[in-house]
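Read the structure below first, then the notes.
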Amino acid sequence: MPQVFPKKANILPLLSLLGATAGGVLTIFLVWYYFSPEYTDVGYAPEQPTEYSHLQHVGQLGLDCRYCHSSVEFSGHANIPATQTCMNCHNQIKTESLKLLPVRASWATGDPIPWVNVHQLPDYARFSHAVHVKNGVGCETCHGRVDQMEVVRLVEPLSMGWCLECHRQPELYLRPREEVTSMGYVQPTDFVERNLERIVREAIQPPTNCSACHY
């Protein structure tokens, strides 16, 4: 009986196996790369229960970050401001504004405003705002130029790799503690040398081991 397929057809199973392997590896790489927070989370800007302009309050009025987020210097978490904080000003300013109806309703009922968190870390990751603020990591390093944002959005991926970039080379990111909340801060030309001296002087050692951030 004559051969139906030529001898060179014997290589087809091998080519199929190699193609499937290469396709699997490529799929894993694409998922690993393009499903990272840099591509899936950056730009996230959820709709909030009431309008709040950081551009106006921080950029134009010069409100310090710590006025609303008052716990960042001594707590692991950055607090969302209570309605009382809003009403410190708005019980006298724009008291009839329709945009502030949810704020006034919260003040009248005692129910908190259901703000939507923009910057979120998974439950298995541990992060302390106080540690970073006290060591001179600026607010805009992680949160971007909020003084230019009408609506706050996520500008950094907050991924493990992104965090490790700073932990491995803190001299590229630290600034004087009095400049932590400054927006648009420009590092002096010799800031790396200054930071290297400070890191030695103050024994700043950002951990890179797994247990530092993961329970």
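The chain is numbered in sequence order, starting from 1.
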>> Using side-chain heavy atoms (C-beta onward) and a distance below 4.5 Å, is Ile199 in contact with Pro170?
In response: yes
> Under 3.5 Å, is there a donor-acceptor pair between the side chain of Asn195 and the main chain of Leu172?
Replying inline: no
>> Hydrophobic clustering (ILVMFWY, side-chain heavy atoms < 4.5 Å, transitive) - are Trp162 and Val118 grouped together?
In response: yes
> Can any side-chain N or O of Glu140 pair as donor or acceptor with the backbone N or O of Tyr185 at less than 3.5 Å?
Replying inline: yes
>> If you compare all heavy atoms of Cys68 against all heavy atoms of Leu63, which two are closest, and at what distance to 0.1 Å?
In response: SG-CD2, 4.0 Å
>> Please enumerate all residues that pass ring pair (Phe, Tyr, Trp, His ring centres under 6.0 Å) together with His54, with sequence neighbours excluded.
In response: Tyr52
>> Which residue is it: His69, His129, His143? I am looking for the one with a ring pair (Phe, Tyr, Trp, His ring centres under 6.0 Å) to His119.
In response: His143
> If only atom types and distance count, is the side chain of Arg126 paired as donor or acceptor with the main-chain N or O of Ser211 below 3.5 Å?
Replying inline: yes
>> Nearest 0.5 angstrom please: Thr50 OG1 to Lys99 NZ, how far?
In response: 9.0 Å
>> Given Val72, which partner from the list His132, Arg66, His77 fulfils the side-chain contact (heavy atoms from CB on, under 4.5 Å) test?
In response: Arg66
>> How long is the straight-line distance from CG of Asp41 back to OH of Tyr44, given to the nearest 0.5 Å?
In response: 9.5 Å
>> Between Tyr67 and Trp107, is there shared hydrophobic-cluster membership here, with clusters defined by ILVMFWY side-chain heavy atoms closer than 4.5 Å?
In response: yes
> Within the side chain of Asp147, is there an N or O that forms a donor-acceptor pair under 3.5 Å with the backbone of Met183?
Replying inline: no
> Less than 4.0 Å between a side-chain N and a carboxylate O, is that true for Glu202 and Arg177?
Replying inline: yes
>> For the CG atom of Asn135 and the OH atom of Tyr173, what is their distance to the nearest 0.5 Å?
In response: 16.0 Å
>> Check whether Thr181 reaches the backbone of Cys65 with its side chain - one donor and one acceptor, N or O, closer than 3.5 Å.
In response: no
> When rounded to the nearest 0.5 angstrom, what distance separates CZ in Arg145 from CG in Leu55?
Replying inline: 10.5 Å
>> Which heavy atom of Ser70 sits nearest to which heavy atom of Asn79, and what is that distance?
In response: N-OD1, 2.9 Å
>> Is there a path of hydrophobic side-chain contacts, each under 4.5 Å between heavy atoms of I/L/V/M/F/W/Y residues, joining Ile113 to Leu100?
In response: yes
>> Nearest 0.5 angstrom please: Lys134 NZ to Ile204 CD1, how far?
In response: 13.0 Å
> Taking side chain as C-beta onward, heavy atoms only, is Trp115 less than 4.5 Å from Pro49?
Replying inline: yes
>> For Val116, is there any backbone N or O sitting under 3.5 Å from a side-chain donor or acceptor partner on Gln48?
In response: yes
>> Hydrophobic cluster membership, with links at side-chain heavy-atom distances under 4.5 Å among I/L/V/M/F/W/Y: are Val180 and Val137 in one?
In response: no
> Looking at Cys86 and Val103, what are the two nearest heavy atoms and their distance?
Replying inline: CB-CG1, 3.9 Å
> Near Glu47 CD, under 6.0 Å, is it more than 12 heavy atoms from other residues, nucleotides or ligands?
Replying inline: no
> Considering only heavy atoms from C-beta outward, does the side chain of Met149 approach that of Val155 to under 4.5 Å?
Replying inline: yes
> If you count the non-hydrogen atoms of other residues, nucleotides and ligands that lie under 6.0 Å from CE in Met160, is the total more than 12?
Replying inline: no
> Take atom CG in Asp123; do more than 12 heavy atoms of anything else shown fall under 6.0 Å from it?
Replying inline: no
> Do you know which two heavy atoms are closest between Leu121 and Leu158, and how far apart they sit?
Replying inline: CD2-O, 3.8 Å
>> Using modelled atom types and a 3.5 Å cut-off, is there a donor and acceptor pairing between side-chain atoms of Gln187 and backbone atoms of Leu174?
In response: yes
>> So does Thr95 get a backbone contact from the side chain of Arg104, meaning a donor-acceptor N/O pair under 3.5 Å?
In response: yes
> What closest approach, in Å, do Arg175 and Glu179 show between heavy atoms, and which atom pair accounts for it?
Replying inline: NH1-O, 2.9 Å
>> Using a 6.0 Å cut-off, check whether atom CD of Glu51 has over 12 heavy atoms from anything other than its own residue.
In response: no
> Rounded to the nearest 0.5 Å, how far apart are CG of Asn209 and NE2 of His214?
Replying inline: 10.0 Å
> If every non-hydrogen atom of Gln56 is compared with every non-hydrogen atom of Ser53, which pair is closest and at what distance?
Replying inline: N-OG, 2.9 Å
> Crowded around Glu178 CD? As in, over 12 foreign heavy atoms under 6.0 Å?
Replying inline: yes
